[in-house]
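Counting starts at 1 for both ligands and their atoms, following the listed order. Please read all numbers here as calculations on a predicted model, not as lab measurements.
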Amino acid sequence: MTKIVAVSGSLRQASLNTRLLHAAASLMPEGASIDVRTLHGIPLYNADEEAQNGLPQAVTDLKDALAGADAILFATPEYNNGLPGVFKNGVDWLSRPVSDIPKVFGGKRIAVVGASPGGFGTILAQDAWLSVLRMLGTEPWFGGRLIVSHASTLFDEQGNLVDEKFIERYRAFLADYVAWVRA
Ligand SMILES: Cc1cc2nc3c(=O)[nH]c(=O)nc-3n(C[C@H](O)[C@H](O)[C@H](O)COP(=O)(O)O)c2cc1C
């Protein structure tokens with residue numbers, strides 16, 4: 001079984017990005033699973049807090065999940081043409097202590113996707129993640145892109161994907177990504 005751990009960068013209950021990841025569960029290729037995580041419970045990073053109390057439980061749990069993953073999938077919102085502070089803050093916690101970075105992120109194959117209601121589909125936020133992913137020693141996937149524009153039109157009220165054309169595009173993206181992870 002190829003185990004993908006997916007992290008959504010939005011805390012919003014009806015988040016398009018979280019919905020996008022949940023929708024992947026039924027579109028994954030044979031023999032691959034997806035474990036969708038969010039950043040709920042992760043506080044603002046404060047080095048004093050870390051020095052006094054160590055890592056919050058939510059951070060330790062997510063680090064463990066990522067360390068045990070065969071590969072990682074990030075779904076990023078785009079805020080002001082960049083990456084959202086909430087997501088970057090979460091990843092900053094996940095990079096602590098620095099000595100754990102190789103275990104959590106080192107050499108990990110990772111794809112970044114993202115959804116937005118606008119026409120540009122998080123293209124700038126996805127690019128903005130690349131320098132962070134390089135710093136963390138990951139291996140980002142450049143073989144495909146999932147730029148999800150006008151994303152609010154793709155889901156029904158319950159958060160299910162309803163756009164058949166997009167569903168097929170997403171299924172193909174996931175198949176190619178998992179094939180690369182296994183290669
Ligand atoms: C502070 C802020 C800045 C935003 N900036 C952008 C942006 O630059 N580009 C974009 O496509 N959407 C932008 N949006 C809209 C988000 O794409 C939209 O809120 C989206 O639904 C967030 O992702 P989520 O549904 O997963 O929470 C912005 C939203 C907020 C709150």
Near N81, which atoms of ligand 1 are under 4.0 Å from a heavy atom of that residue?
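With N81 as reference, the close atoms of ligand 1 come out as 7 (C), 8 (O).
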Do the rings of [X] and [Y] sit parallel, tilted or perpendicular, given the 30° and 60° boundaries?
{"X": "F74", "Y": "F105", "answer": "perpendicular"}
{"X": "Y45", "Y": "W93", "answer": "perpendicular"}
{"X": "Y177", "Y": "F173", "answer": "parallel"}

Side-chain heavy atoms under 4.5 angstrom apart, residues restricted to Ile, Leu, Val, Met, Phe, Trp, Tyr: same cluster for V98 and I42?
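Yes, V98 and I42 fall within the same hydrophobic cluster.
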May I ask you to decide whether D92 forms a salt bridge with R96, counting only side-chain N to carboxylate O separations under 4.0 Å?
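So D92 does not pair with R96 through a salt bridge.
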Below 4.0 angstrom, N of the basic side chain to O of the carboxylate: do R19 and D156 qualify?
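No, this pair does not count.
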Considering [options], which one's heavy-atom position lies nearest to [atom]?
{"atom": "atom 2 (C) of ligand 1", "options": "Y79, F87, F120", "value": "Y79"}
{"atom": "atom 23 (O) of ligand 1", "options": "L16, N17, L20", "value": "N17"}
{"atom": "atom 20 (C) of ligand 1", "options": "G9, P117, A75, P77", "value": "P117"}

Tell me which part of S10 gets within contact of ligand 1: side chain, backbone, both or neither, using heavy atoms under 4.0 Å.
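For S10, the contact with ligand 1 is made by the side chain alone.
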Between E78 and ligand 1, find which residue part has any heavy-atom pair under 4.0 Å and reply side chain, backbone, both or neither.
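The answer is both, backbone and side chain.
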Where do V59 and K63 land on the side-chain contact (heavy atoms from CB on, under 4.5 Å) test, with the steps shown first?
CA-CA 6 Å; V59 173; K63 278 178 63 181; 4.1 Å; yes
Is there a nitrogen or oxygen of T122 sitting under 3.5 Å from a nitrogen or oxygen of ligand 1?
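By distance alone, the answer is no.
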For ligand 1, is there an N or O atom under 3.5 Å from any N or O atom of N80?
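For ligand 1, there is an N or O atom that lies under 3.5 Å from one belonging to N80.
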Among V91, I72, V104, side chain to side chain contact (heavy atoms under 4.5 Å, CB included) partner for L136
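Of the listed options, the one satisfying the test is V91.
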Identity and separation of the nearest protein heavy atom to atom 25 (O) of ligand 1:
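Atom 25 (O) of ligand 1 sits closest to the protein heavy atom R12 NH2, 2.7 Å.
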Write out the residue and atom name of the closest protein heavy atom to atom 26 (O) of ligand 1, then the distance separating them to 0.1 Å.
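Here the closest protein heavy atom is S15 OG, 2.6 Å.
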Taking only non-hydrogen atoms of S116, do any sit less than 4.0 angstrom from ligand 1?
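Right, S116 reaches ligand 1.
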